[in-house]
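All residue numbers refer to positions in the sequence shown, counting from 1. Because only heavy atoms are used, hydrogens play no part in the values below, and waters and symmetry mates are left out as well, while side chains stay in.
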Amino acid sequence: MRHLHRSLTLAIAVLLAAGPVTAQTPWHYDQPVRAVRTGWLANRRASESSGVAVSRTQPGVLWTHADGDNDALLFATDSLGRNLGSLRVLGAINVDWEAIRLAACATGSCLFIADIGDNNERRATVTIYRLTEPRVTADSVEQRATGRATALTVRYPDGPHDAEAMIVTPVGDLLLITKGGKRPVLVYRVPVSAWDSERIAEAQLVGTLPIPADTTIGRMVTDAALAPDGVRAVVRTYRDLYFFRLRADRLVPDDPPRACNVLGLEIQGEGVDWLDSRTLVLTSEKAFAAAASVSLVQCPDPDPSGASPP
């Protein structure tokens, strides 16, 4: 009976959050204008790379991390996959780290690490860590520690969800995006004010994404990122990149809806971020005999002038 009540609650919430019922989104799938694997992650401890974040204060630096059952470590690398250092995150544990984002904060630039993975959907709460972005120095290759992270405990209103994607909005809200599969791809919002409370933050369901998530065809959501303009967003699966616009706390598909196919570029693609306004950087976990990789992708620009629509 508990499972039935939860299912009914979720179904009602999804209908309310999604708004008017529409036909299935007719995605147009493009091929990349440019897609190249630029390197392999030299730091073998980063071989389970599940997310990537491009530093805006340290040109050329990428941050990544391993997923569950690994140490609470940040790895600094670049688009060639070179080892720029490992840093232990003080005050954090890695239950199942699945996403990492960089955003402005009171100390300038902060890393947000999403410990939100839950393959079996059993976790009563998940955790987001926030810490000041470390500096990469000549001695970073020798493992050192970051400043102490602040932890935010989050609970979903309708029970556990498996999620691997997070966006930090320009106002500091967190958008957690579920992986999809058995259920629609759901988007939950955690307001920036939650960091000021000592209580467990309850995420609010704000909508669904019309991504045809399916466990059998590699379209499970594994990461998401907001462009430097604070408007354009990309949500990735193992095989495709889906483009959206951030409007308030909603992700709205481009008009017309467009996606970019990267099937075959990676073995098990997981991470994504915007290297610049046109270029995406992707990271992949190791799989079979292949090491974890870094790739750069440019997809067709919907606006040849380069201007961002309102």
Side-chain angles (χ1 to χ4, degrees), residues 25-43 46-56 59-64 75 77-82 98-101 164-165 167 177 179-180 209 211-214 217-229 232-245 251 253-254 256-306 308:
T25 299
W27 293 98
H28 176 75
Y29 291 88
D30 288 316
Q31 293 301 312
V33 174
R34 176 178 180 242
V36 57
R37 184 184 300 116
T38 53
W40 307 94
L41 290 177
N43 188 336
S47 62
E48 299 295 328
S49 176
S50 287
V52 62
V54 176
S55 177
R56 306 302 174 191
V61 172
L62 310 178
W63 295 104
T64 189
F75 305 109
T77 185
D78 60 16
S79 61
L80 299 179
R82 291 179 293 194
E98 290 291 355
I100 183 170
R101 298 271 62 91
E164 295 192 5
I167 282 176
I177 305 171
K179 201 170 181 180
L209 298 186
I211 294 174
D214 190 313
I217 57 176
R219 285 188 174 139
M220 306 294 287
V221 173
T222 63
D223 206 0
L226 191 63
D229 62 14
R232 292 174 297 157
V234 61
V235 178
R236 78 157 299 174
T237 67
Y238 293 114
R239 58 180 289 163
D240 299 302
L241 306 169
Y242 294 86
F243 293 94
F244 294 83
R245 303 274 162 170
L251 291 171
D254 275 355
R258 65 188 186 98
C260 194
N261 182 269
V262 290
L263 184 64
L265 180 62
E266 305 164 291
I267 300 299
Q268 186 174 324
E270 297 251 345
V272 66
D273 200 4
W274 298 77
L275 189 66
D276 54 42
S277 62
R278 286 289 315 280
T279 309
L280 296 166
V281 58
L282 312 181
T283 60
S284 172
E285 293 190 2
K286 70 176 182 180
F288 304 106
S293 65
V294 182
S295 301
L296 298 182
V297 172
Q298 289 182 344
C299 295
D301 191 341
D303 183 355
S305 70
S308 296

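Thr279 contributes atom OG1, which lies 9.5 Å from atom CH2 of Trp274 (distance to the nearest 0.5 angstrom). Atom OG1 of Thr77 sits about 10.5 Å away from atom CH2 of Trp63, to the nearest 0.5 Å. A distance of 4.5 Å separates CZ of Arg245 from CG of Asp254, quoted to the nearest 0.5 Å. Separation of atoms NZ (Lys179) and OG1 (Thr237) is listed at 11.0 Å; rounding is to 0.5 Å. Between the CZ atom in Arg278 and the CG atom in Leu280 there is a gap of 9.5 Å [rounded to 0.5 Å].
Nearest heavy atom pair, residue Val272 against residue Ala225, reads O-CB, 3.6 Å. Pairing each heavy atom of Leu41 with each of Ser49, the nearest pair is CD1-CB, 3.8 Å. Residue Glu285 comes nearest to Ser50 through the heavy atom pair OE2-OG, 2.9 Å, listed as atom of the first residue, atom of the second, then distance. The shortest non-hydrogen separation linking Val294 to Ser79 is CG1-O, 3.6 Å. Between Gly269 and Tyr238 the shortest heavy-atom distance is O-CD2, 3.1 Å. Shown here for Gly60 and Asp78, the closest heavy-atom pair between the two residues is O-CB, 3.2 Å.
At a cut-off of 3.5 Å, with distance as the only test, no side-chain donor of Thr283 or Thr64 sits close to an acceptor on the other residue. Checking Arg219 against Tyr242 by side-chain atom types alone, a donor-acceptor pair falls below 3.5 Å.
With contacts defined as side-chain heavy-atom distances shorter than 4.5 Å, the pair Pro256/His28 does not qualify.
When the options Asp276, Val297, Leu296 are evaluated for a side-chain contact (heavy atoms from CB on, under 4.5 Å) with Val281, the one that passes is Leu296. Glu266 pairs with exactly one of Arg37, Lys286, Arg236 by the salt bridge (Lys or Arg N to Asp or Glu O under 4.0 Å) rule, that one being Arg236.
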**OP:** Dump the intermediate steps for side-chain contact (heavy atoms from CB on, under 4.5 Å) on Phe243 and Cys260, then the final yes or no.
**Re:** CA-CA 8 Å; Phe243 293 94; Cys260 194; 3.9 Å; yes
Original post:
Can Leu209 and Val221 be said to form a side-chain contact (heavy atoms from CB on, under 4.5 Å), step by step?
Top reply: CA-CA 10 Å; Leu209 298 186; Val221 173; 5.9 Å; no
Subject >> Arg101 vs Asp273, salt bridge (Lys or Arg N to Asp or Glu O under 4.0 Å): CA-CA, chis, key distance, verdict >> reply: CA-CA 8 Å; Arg101 298 271 62 91; Asp273 200 4; 3.5 Å; yes
**OP:** Dump the intermediate steps for side-chain contact (heavy atoms from CB on, under 4.5 Å) on Gln31 and Asn261, then the final yes or no.
**Re:** CA-CA 6 Å; Gln31 293 301 312; Asn261 182 269; 3.8 Å; yes
Original post:
After noting the C-alpha distance and the side-chain angles of Asp30 and Arg258, does the key distance pass the salt bridge (Lys or Arg N to Asp or Glu O under 4.0 Å) rule?
Top reply: CA-CA 7 Å; Asp30 288 316; Arg258 65 188 186 98; 5.2 Å; no
